[in-house]
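First the structure, in the form of structure tokens, and then the observations on it.
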Amino acid sequence: EVPHSQERERQRLVEQQEKYFKQVLDHFNYNSLGNGTYDQRYLITDQSWKKGNGPIFFYTGNEGDIWEFARNTGFITELAAVQGALVIFAEHRYYGKSLPFGKDSFNIPEVGLLTVEQALADYAVMITELKEELGAQKCPVIVFGGSYGGMLSVYMRIRYPNIVTGALAASAPILSTAGLGDSRQFFQDVTADFEKFKPACRDAVQGAFQKLNTLAQQKDYRGIQSAFSLCKTPSTPKDIHQLMGLLRNAFTMMAMLDYPYSTHFMGSMPAFPVKVACETMLNGTDLMSALRDTVGIVYNSTGQLTCYDLYSLYVECADPTGCGLGFDSYAWDYQACTEIEMCYESNNVTDMFPPMAFTEQQREQYCSKRWGVVPRPGWLKTQYWGDDLATASNIIFSNGDLDPWANGGIRKSLSPSLIAINIPEGAHHLDLRESNPNDPESVIMARKEESEIIARWVKAAMKESS
């Protein structure tokens with residue numbers, strides 16, 4: 001099977017042309033940079049397009065290199081083949097190669113043009129101009145996105161309903177990132193994934209963290225170094241905090257990426273990583289080395305690391321679920337310091353992780369020190385409606401029950417055109433991935449429902465415009 005799907009994958013990526021779009025730097029202030037522009041990257045595939053009258057499927061790029069999303073969002077291309085659509089994957093400003101000020105993009109104040117509003121305006125302008133160029137004025141646009149990209153798809157439909165006919169928002173935590181809901185929920189849901197596999201798994205992880213905590217309190221830094229194969233002996237509470245964050249993050253990744261086959265998305269994962277993690281955790285000789293081997297599934301998938309470097313494998317930032325690495329981590333950290341609220345915390349009671357608080361005060365201190373900004377809690381809710389979505393329309397909210405982000409999103413349909421689709425065996429936006437022989441029935445059904453709804457939206461829009 002593998003060679004065949006790799007071949008298909010290669011074919012699909014060959015069809016995608018990488019292009020650049022002259023984009024306005026600042027959509028909302030005519031003075032600040034005059035008519036300054038930057039080159040925004042996008043990928044386009046017209047292989048299946050019924051020229052001039054098939055729909056346009058537009059992926060609202062999120063926090064990373066656009067190729068990474070294109071490679072892991074095969075559903076759109078499969079759907080385009082059936083519905084005769086043009087496919088565009090647009091890269092989000094400040095990520096990948098779409099750096100408005102090159103390597104100076106993360107200086108202050110240059111980083112200030114990184115906002116959700118500017119990113120949405122980028123997409124609106126790009127869609128409008130490309131439609132013109134391609135003679136596609138009559139073609140309805142459906143936006144797709146996963147995770148933060150799914151949030152952007154929702155916001156595009158709300159903010160630019162004149163440009164976007166409908167949105168498929170997969171695993172979009174639009175409530176929790178607007179500060180709605182319980183700050184303990186996220187790590188509680190990560191824990192639930194492991195507990196569902198085996199309650200003993202949760203107990204083992206919890207026990208391992210308690211042991212680590214005891215060693216930390218005794219300042220047994222050598223013991224901690226040898227237990228976790230760290231490259232350097234930790235020497236401060238800050239190092240221990242970093243270790244706790246690194247360990248917790250591995251479980252977050254495995255819960256999110258708990259797919260029924262191995263994947264290369266945000267790292268390399270085996271099939272069913274939660275199951276693999278629990279088996280590793282429960283087969284260890286002692287809890288601490290079992291914990292080390294379990295997080296190795298994430299940090300040492302090749303098995304080539306001889307020791308773990310605390311500060312290069314994981315970056316602590318204003319998103320307690322992790323910011324990734326490299327330039328992309330700066331951009332996401334800045335967004336987590338401004339519009340996107342993620343004050344999630346673990347406590348070792350409602351979850352299996354060490355007590356790690358992340359309060360609004362801590363966020364404010366960190367963000368003003370790191371970026372010179374003061375977060376404005378409540379703005380996302382004001383700007384993009386929070387849970388007051390009743391007047392919106394044509395949005396599908398899909399969520400997988402295995403995804404710790406799911407309960408931060410919309411789980412119940414709000415109207416006949418605001419449709420929630422829940423996928424019992426789905427992890428983080430599994431429905432956006434290309435079809436695979438190991439797909440559970442629930443995701444096959446979800447994709448079928450999504451494609452029927454999208455076909456209806458497109459048909460209705462074509463009728464209106466004719």
(message) Suppose the criterion is ring-ring contact (aromatic ring centres under 6.0 Å, His included): which pairs have a residue in residues 282-315, not counting sequence neighbours?
(response) none
(message) Within the 3.5 Å criterion, strictly below it, is a donor on Glu91 or Trp67 matched to an acceptor on the partner's side chain?
(response) no
(request) Would you please classify the geometry between the Tyr123 ring and the His92 ring as parallel, tilted or perpendicular, with 30° and 60° separating the classes? (result) perpendicular
(request) Check whether more than 12 heavy atoms from other residues, nucleotides or ligands sit under 6.0 Å from atom NZ of Lys196, and answer yes or no. (result) yes
(message) For a 4.5 angstrom cut-off between non-hydrogen side-chain atoms, does Ile142 reach Phe58?
(response) no
(request) Mark yes or no for whether Thr382, through its side chain, and Gly378, through its backbone, hold a donor-acceptor pair below 3.5 Å. (result) yes
(request) Please check if any side-chain donor atom of Asn422 sits under 3.5 Å from a side-chain acceptor atom of Asn399, or the reverse. (result) no
(message) Checking Gln210 against Asn348: is there a side-chain donor and acceptor pair closer than 3.5 Å?
(response) yes
(message) Once disulfide bond (SG atoms under 2.5 Å apart) is applied, what residue pairs with a partner in residues 349-383 remain, sequence neighbours excluded?
(response) Cys337-Cys367
(request) Would you please name every residue forming a salt bridge (charged side-chain N to carboxylate O under 4.0 Å, His left out) with Arg202, sequence neighbours left out? (result) Glu195
(message) With a 3.5 Å distance limit and no angle check, can you tell me whether Asp328 reaches the backbone of Gly96 through a side-chain donor-acceptor pair?
(response) yes
(request) Mind checking disulfide bond (SG atoms under 2.5 Å apart) for Cys343 and listing every partner two or more places apart, or none if nothing turns up? (result) none
(message) Whether the Thr191 and Gln188 side chains hold a donor-acceptor pair (N or O, under 3.5 Å, no angle test) is what I'd like checked.
(response) no
(message) For Ser147 and His428, which I'm curious about, is there any donor-acceptor pair between the side chains at under 3.5 Å?
(response) yes
(message) Side chains of Thr350 and Asn347: any donor to acceptor distance under 3.5 Å?
(response) yes
(request) Report yes or no: is the cationic atom of Arg370 (NZ for Lys, CZ for Arg) under 6.0 Å from the centre of the six-membered ring of Tyr330, at an angle within 45° of the ring normal? (result) yes
(message) Is it true that, when you exclude Arg159 itself, more than 12 heavy atoms of the residues, nucleotides or ligands shown sit nearer than 6.0 Å to its CZ?
(response) no
(request) Spell out, as yes or no, whether a donor-acceptor pair under 3.5 Å connects the side chain of Asp220 to the backbone of Gly223. (result) yes
(message) We want to know whether Gln304 and Asn300 form a side-chain donor-acceptor pair, criterion being a heavy-atom distance below 3.5 angstrom.
(response) no
(message) Taking the basic N atoms (NZ, or NE/NH1/NH2) and the acidic carboxylate oxygens, is any pair closer than 4.0 Å for Arg93 and Asp122?
(response) yes
(message) Using a 6.0 Å cut-off, check whether atom CZ of Arg411 has over 12 heavy atoms from anything other than its own residue.
(response) yes
(request) Keeping the roles fixed (side chain from Asp403, backbone from Met256), state whether a donor-acceptor pair exists under 3.5 Å. (result) no
(message) Please evaluate residues Leu152 and Val143 with respect to the criterion side chain to side chain contact (heavy atoms under 4.5 Å, CB included), reporting the C-alpha separation (whole Å), side-chain torsions for both, the decisive distance (0.1 Å), and the verdict.
(response) CA-CA 9 Å; Leu152 295 175; Val143 286; over 6 Å; no
(message) Just by distance, no angles: are the side chains of Gln40 and Ser98 close enough, under 3.5 Å, to form a donor-acceptor pair?
(response) no
(request) Can you measure from CG (Leu313) to CG (Leu325) and round to the nearest 0.5 angstrom? (result) 8.0 Å
(request) Keeping to residues at least two apart or across chains, list the disulfide bond (SG atoms under 2.5 Å apart) pairs with something in residues 208-262. (result) Cys231-Cys307
(message) Quick one, Leu212 and Leu243 - any side-chain contact, counting heavy atoms below 4.5 Å?
(response) yes
(message) Is there a salt bridge (Lys or Arg N to Asp or Glu O under 4.0 Å) between Arg447 and Asp439? Walk through the geometry before answering.
(response) CA-CA 11 Å; Arg447 289 185 190 128; Asp439 279 333; 2.8 Å; yes
(message) Donor-acceptor check, side chain of Glu279 to backbone of Val276, threshold 3.5 angstrom: yes or no?
(response) no
(message) Using the rule ring-ring contact (aromatic ring centres under 6.0 Å, His included), only one of Phe89, Phe69, Phe57 pairs with Phe144; which is it?
(response) Phe57
(message) Check whether Thr60 reaches the backbone of Gly149 with its side chain - one donor and one acceptor, N or O, closer than 3.5 Å.
(response) yes
(message) Looking only at the side chains, is there a donor atom on one of Tyr42 and Glu18 sitting less than 3.5 Å from an acceptor on the other?
(response) no
(request) Could you walk me through whether Glu434 and Phe75 pass the side chain to side chain contact (heavy atoms under 4.5 Å, CB included) test, one step at a time? (result) CA-CA 5 Å; Glu434 68 173 344; Phe75 173 61; over 6 Å; no
(message) Donor-acceptor check, side chain of Ser153 to backbone of Gly145, threshold 3.5 angstrom: yes or no?
(response) yes
(message) Main chain of Pro375, side chain of Glu364: is a donor-acceptor contact present, judged purely on distance under 3.5 Å?
(response) no
(request) Check the side chains of Thr280 and Thr294 for a donor-acceptor pair under 3.5 angstrom, ignoring hydrogens and angles. (result) no
(request) Side-chain contact test, heavy atoms from C-beta onward, threshold under 4.5 Å: evaluate it for Leu291 versus Phe228 and give yes or no. (result) yes
(request) Identify whether the distance between the nearest side-chain nitrogen and carboxylate oxygen of Arg41 and Asp65 falls below 4.0 Å. (result) yes
(request) Take Asp431 and Lys448 through the salt bridge (Lys or Arg N to Asp or Glu O under 4.0 Å) test and state the conclusion after the steps. (result) CA-CA 10 Å; Asp431 49 326; Lys448 188 168 175 293; over 6 Å; no
(message) Is the shortest side-chain heavy-atom distance between Thr177 and Tyr148 below 4.5 Å?
(response) no
(request) Return yes if a side-chain donor-acceptor contact under 3.5 Å exists between Arg248 and Ser346, otherwise no. (result) yes
(request) Classify the side-chain pair Trp379/Glu339 by whether it contains a donor and acceptor separated by less than 3.5 Å. (result) yes
(message) Regarding Glu117 and Tyr384, do their side chains bring together a donor and an acceptor under 3.5 Å, going by distance alone?
(response) yes
(request) Ignoring hydrogens and angles, state whether a donor on the side chain of Asn249 or Thr252 is under 3.5 Å from an acceptor on the partner side chain. (result) no
(message) Within the 4.5 Å heavy-atom criterion, are Arg184 and Val349 side-chain neighbours or not?
(response) no
(message) Evaluate Glu316 against His241 for side chain to side chain contact (heavy atoms under 4.5 Å, CB included), listing each step before the verdict.
(response) CA-CA 10 Å; Glu316 191 185 26; His241 180 80; 2.7 Å; yes
(request) Sorted by first residue and then second, give each ring-ring contact (aromatic ring centres under 6.0 Å, His included) pair with at least one member in residues 168-196; sequence neighbours left out. (result) Phe186-Tyr344, Phe186-Trp405, Phe187-Phe353, Phe194-Phe251
